[in-house]
Trainee: 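Below is a structure I'd like to ask you about.
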There are 2 protein chains.
Amino acid sequence: MKCAGSIETRDVEELYINIDPIQAGGRLTPEALKAVIAYADGYSVCDNCLKPFRLDYIKKPPVAEFHEELAEWLNMDQVRMVPGARRGFQAVASSLVEKGDPVILTSLSHYTEFVALEQSGGVTREIPNDDHNHITAENAAETLERVSREFGRSPSLLFVEHADYQYGNIHEVREIAKVAHQYDVPVLLNGAYSVGVMPVDGKALGVDFVVGSGHKSMAAPAPSGLVASTEEYAGKVFRTTQAKGDITGRTFGIKEVEMMGCTLMGVTLMGMMASFPAVKERVLHWDHEVENSNKFAEAMLSIEGTEIESDSPRQHTLTRINTIGSFDEVAKTHKKRGYFLTKALKKRGITGVIAGSTRVWKYNTYGLTDAQIQYLGEAFREIAEDNGLNVG
Amino acid sequence: MKCAGSIETRDVEELYINIDPIQAGGRLTPEALKAVIAYADGYSVCDNCLKPFRLDYIKKPPVAEFHEELAEWLNMDQVRMVPGARRGFQAVASSLVEKGDPVILTSLSHYTEFVALEQSGGVTREIPNDDHNHITAENAAETLERVSREFGRSPSLLFVEHADYQYGNIHEVREIAKVAHQYDVPVLLNGAYSVGVMPVDGKALGVDFVVGSGHKSMAAPAPSGLVASTEEYAGKVFRTTQAKGDITGRTFGIKEVEMMGCTLMGVTLMGMMASFPAVKERVLHWDHEVENSNKFAEAMLSIEGTEIESDSPRQHTLTRINTIGSFDEVAKTHKKRGYFLTKALKKRGITGVIAGSTRVWKYNTYGLTDAQIQYLGEAFREIAEDNGLNVG
């Protein structure tokens with residue numbers, strides 16, 4: 001079946017158990033799919049846009065109400081929608097970082113954090129991870145001190161990951177924020193792998209900004225995301241335009257500079273909104289997700305030569321695994337080389353592992369049922385056995 | 001019917017003839033709606049993302065091919081997807097404009113152009129429109145000269161609208177670009193109201209950048225859009241990241257700074273792609289759309305006291321109308337005041353006029369069938385007659 005030209009209908013989520021590291025938290029809820037169909041047309045949320053003509057003021061559909069609930073849920077003062085977490089990093093960096101300013105991120109920061117800071121002209125310095133691939137308050141303190149001395153002033157901003165994209169490890173954000181504030185450095189929480197899957201309380205973490213991703217962790221279509229702020233910084237990051245036409249004298253109301261006015265005018269926002277009740281509910285069951293993540297990790301560890309490079313026991317569903325001593329040994333002599341694994345998985349209805357990967361790779365078990373977790377572990381164990389690996 | 005909580009299913013396009021000025025060109029094609037359903041999940045286009053891991057390199061679905069065809073169709077050298085035209089303005093402004101640089105736009109520029117330039121720190125100067133609400137090469141030349149003298153250097157960038165958002169007038173872009181180039185000023189075409197509804201040939205217009213909007217004029221979900229560039233500027237606007245981790249030594253491949261890596265990773269891109277064959281076809285019938293726009297304008301002009309403020313005859317489907325001498329006269333004494341008009345329209349299955357508007361307002365007839373155009377004109381004439389206005 002073709003959509004148009006050579007576009008094939010996507011059926012990955014219908015036909016497979018998908019353990020892709022970035023896709024798990026962005027699968028739509030049934031409510032979101034309904035909203036997507038109803039609000040698919042371009043400017044679909046603008047039917048009842050009245051003065052002051054800004055997305056977050058729209059009452060029908062209840063966009064304004066959603067903004068309020070979302071800020072409350074994150075325990076932050078204000079929130080805005082953005083086309084992806086990266087656009088949240090961009091908005092904050094562009095507001096707080098001047099060319100040449102020192103800015104701090106971590107050795108586990110996502111490339112979009114680097115790019116946002118590159119765009120603002122900031123000079124980036126990483127907080128090194130410790131031997132357990134954790135970003136610690138101790139290393140943050142050392143880095144803050146080192147960078148402050150190097151530049152003769154405090155950094156303008158510090159980015160820290162709640163759960164990082166490489167290991168899915170949870171970092172001591174609260175302690176890091178405390179240290180950063182001693183240097184008067186505002187802290188942005190990269191919650192791309194936390195907001196929408198696990199509980200996030202901005203005030204309890206003590207951060208100044210929370211950035212989340214709709215398509216990564218909030219069961220929403222792409223590109224979607226959010227940037228939340230404390231009252232202290234909201235006036236800066238959500239400042240309204242001061243532009244004025246020199247000939248016409250036109251001014252542009254309360255459009256916000258970093259948001260460029262409105263952001264998600266249709267299907268993306270409506271997907272986020274429709275999933276929101278289910279997302280609020282699902283973060284309450286994070287413990288069970290972590291339990292399942294550990295169950296699958298145990299199954300993988302029962303295959304001799306396999307190592308989990310992430311924290312063990314797992315505290316997140318995103319996991320980095322090392323199969324150099326197991327599946328990669330098979331690949332060395334298998335006629336299909338590394339592809340034997342992905343092919344064997346596909347045969348068993350499992351997808352999401354990069355084709356050919358048998359060395360160090362990532363998976364995400366988020367949202368799988370207990371039965372799927374069980375099946376998944378058995379499938380890997382079977383493939384291992386079929387290929388002569390020792391399975392405990 | 002509820003989607004979730006208090007979200008009602010949107011049925012505007014199913015139940016009404018919608019003449020909303022910004023929504024007409026963004027209604028999905030049936031092909032796009034199918035693609036939206038198939039690709040609604042978050043990172044849905046990333047199933048087969050391989051090295052070098054960038055959106056515009058994905059072969060399945062045929063994202064790479066789409067980029068090539070799109071650039072060719074616009075007669076530009078390179079194109080990238082962005083979350084709305086405004087993000088295209090932002091990318092170009094951020095690349096070419098330094099703080100304090102003079103930049104030129106027009107008295108009919110959209111607020112998002114101002115905001116993009118405000119964000120980059122540019123100092124904006126408007127080209128005044130002439131008495132017919134046109135931006136002319138003559139006024140552009142005068143402005144370029146005036147601003148160059150004021151700042152002691154040429155402006156960094158000039159934004160010009162193909163069809164402006166206020167009147168839907170078509171401006172002499174080719175001649176303006178020619179003048180700008182005499183001052184070595186690169187020209188960005190704001191094609192939010194042209195790309196996807198009427199033919200646009202970047203090279204023939206002589207512009208350096210073409211920006212288009214998916215949700216405004218390319219039958220795509222929001223937020224979506226494109227920024228196209230000539231080879232001359234592509235290296236600058238689509239420059240790849242130079243970021244490097246100072247501790248880890250990490251670099252980030254060929255991710256582009258202004259795109260922040262990937263942009264539309266799911267439903268928005270797929271909607272644009274699926275609509276593209278139909279969009280390519282529909283721009284060939286622009287003459288007929290304009291004919292219909294004129295037919296409806298004539299019906300409106302037959303209501304005594306009504307004036308078309310846009311060019312007459314119409315050359316676009318977006319039109320600014322003045323009904324101060326007709327419907328507003330009725331509103332003065334009608335017990336429903338200005339709301340009588342939108343209510344009477346709604347009763348006849350017509351929507352898209354801001355509730356209460358009877359003075360100066362805008363509509364867009366794009367995409368309506370001949371029968372709908374006929375019906376629309378009759379409906380307005382009937383309402384006029386019912387309320388005691390003279391109808392010719």
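Within every chain, numbering begins at 1; the chains are lettered A, B, ... in the order of the sequence lines, protein sequences first and strands thereafter.
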Trainee: Under 4.5 Å heavy-atom distance to chain B, tell me which part of A:C262 shows up: side chain, backbone, both or neither.
Mentor: both
Trainee: Using heavy-atom distances under 4.5 Å, tell me whether A:E14 contacts chain B through its side chain, its backbone, both, or neither.
Mentor: neither
Trainee: Which heavy-atom pair separates A:D130 from A:N139 by the least distance, and what is that distance?
Mentor: N-ND2, 3.9 Å
Trainee: Heavy-atom pairs under 4.5 Å with chain A - which of B:R250, B:Q23, B:E13, B:M270 has more of them than the others?
Mentor: B:R250
Trainee: Which of the residues A:R27, A:E65, A:K60 is involved in the greatest number of heavy-atom pairs with chain B at under 4.5 angstrom?
Mentor: A:R27
Trainee: At a heavy-atom distance under 4.5 Å, which candidate from A:K99, A:K216, A:R87, A:Q242 has the highest pair count against chain B?
Mentor: A:R87
Trainee: For A:A278 and A:T29, work out which heavy atoms get closest and say how close.
Mentor: CB-CG2, 3.9 Å
Trainee: Go through A:C46, A:P30, A:S94 and name the one with the most non-hydrogen pairs under 4.5 angstrom from chain B.
Mentor: A:C46
Trainee: Considering only heavy atoms and a distance below 4.5 Å, find which of A:A243, A:G271, A:G214 pairs most often with chain B.
Mentor: A:A243
Trainee: Between B:A38 and A:T9, what is the shortest heavy-atom contact and its length?
Mentor: CB-CG2, 3.7 Å
Trainee: Any idea which of B:T268, B:T124, B:T112 has the most non-hydrogen atom pairs under 4.5 angstrom with chain A?
Mentor: B:T268
Trainee: At a 4.5 Å cut-off on heavy atoms, which part of A:L33 comes close to chain B: side chain, backbone, both, or neither?
Mentor: side chain
Trainee: Would you say A:R10 and B:P61 make side-chain contact, with heavy atoms under 4.5 Å?
Mentor: no
Trainee: Can you tell me which portion of A:A116 sits under 4.5 Å from chain B's heavy atoms? Options are side chain, backbone, both or neither.
Mentor: both
Trainee: Heavy-atom pairs under 4.5 Å with chain B - which of A:F66, A:F89, A:Y43 has more of them than the others?
Mentor: A:Y43
Trainee: Indicate yes or no for a side-chain donor-acceptor contact from B:T240 to the backbone of B:E256 under 3.5 Å, with no hydrogens or angles considered.
Mentor: no
Trainee: Of all of B:D47, B:V115, B:L264, which one pairs up most often with chain A through heavy atoms under 4.5 Å apart?
Mentor: B:D47
Trainee: Could you check which of B:R86, B:R125, B:M265 has the highest count of heavy-atom pairs closer than 4.5 Å to chain A?
Mentor: B:R86
Trainee: Does some side-chain heavy atom of A:P221 sit less than 4.5 Å from a side-chain heavy atom of A:V36?
Mentor: yes
Trainee: Contact part of A:E98 toward chain B, heavy-atom cut-off under 4.5 Å: side chain, backbone, both or neither?
Mentor: side chain
Trainee: Out of A:L50, A:V267, A:I22, which one racks up the most heavy-atom pairs below 4.5 Å with chain B?
Mentor: A:I22
Trainee: Look at atom CD1 of B:I354 and say whether more than 12 heavy atoms of other residues, nucleotides or ligands are closer to it than 6.0 Å.
Mentor: no
Trainee: Could you check whether any side-chain heavy atom of B:S224 comes within less than 4.5 Å of a side-chain heavy atom of B:L269, counting everything from C-beta outward?
Mentor: no
Trainee: Would you indicate whether the side-chain heavy atoms of B:F114 and B:E126 approach each other to under 4.5 Å?
Mentor: yes
Trainee: With chain A as the partner, which of B:S213, B:S109, B:A32, B:P128 has the greatest number of non-hydrogen pairs under 4.5 Å?
Mentor: B:S109
Trainee: So for B:T241, is it side chain, backbone, both, or neither that comes closer than 4.5 Å to the heavy atoms of chain A?
Mentor: both
Trainee: Identify which part of B:Y111 has an atom lying under 4.5 Å from any heavy atom of chain A, answering side chain, backbone, both or neither.
Mentor: both
Trainee: Please flag which part of A:T106 lies under 4.5 Å from any non-hydrogen atom of chain B: side chain, backbone, both or neither.
Mentor: backbone
Trainee: Among B:G266, B:G26, B:G261, B:A222, single out the residue with the greatest number of heavy-atom pairs under 4.5 Å to chain A.
Mentor: B:A222
Trainee: Side chain, backbone, both or neither: which part of A:M81 has a non-hydrogen atom closer than 4.5 Å to chain B?
Mentor: neither
Trainee: Between B:Y165 and B:Y193, is the ring centroid distance below 6.0 Å?
Mentor: no
Trainee: What are the two closest heavy atoms between B:N133 and B:L108, and how far apart are they?
Mentor: O-CD1, 3.5 Å
Trainee: Check each atom of A:K244 against the heavy atoms of chain B and say whether the ones under 4.5 Å are side chain, backbone, both or neither.
Mentor: backbone
Trainee: Any side-chain heavy atom of A:F53 sitting closer than 4.5 Å to one from A:K255?
Mentor: yes
Trainee: To the nearest 0.5 angstrom, please state how far the CD atom of B:E113 sits from the CD atom of B:Q90.
Mentor: 13.5 Å
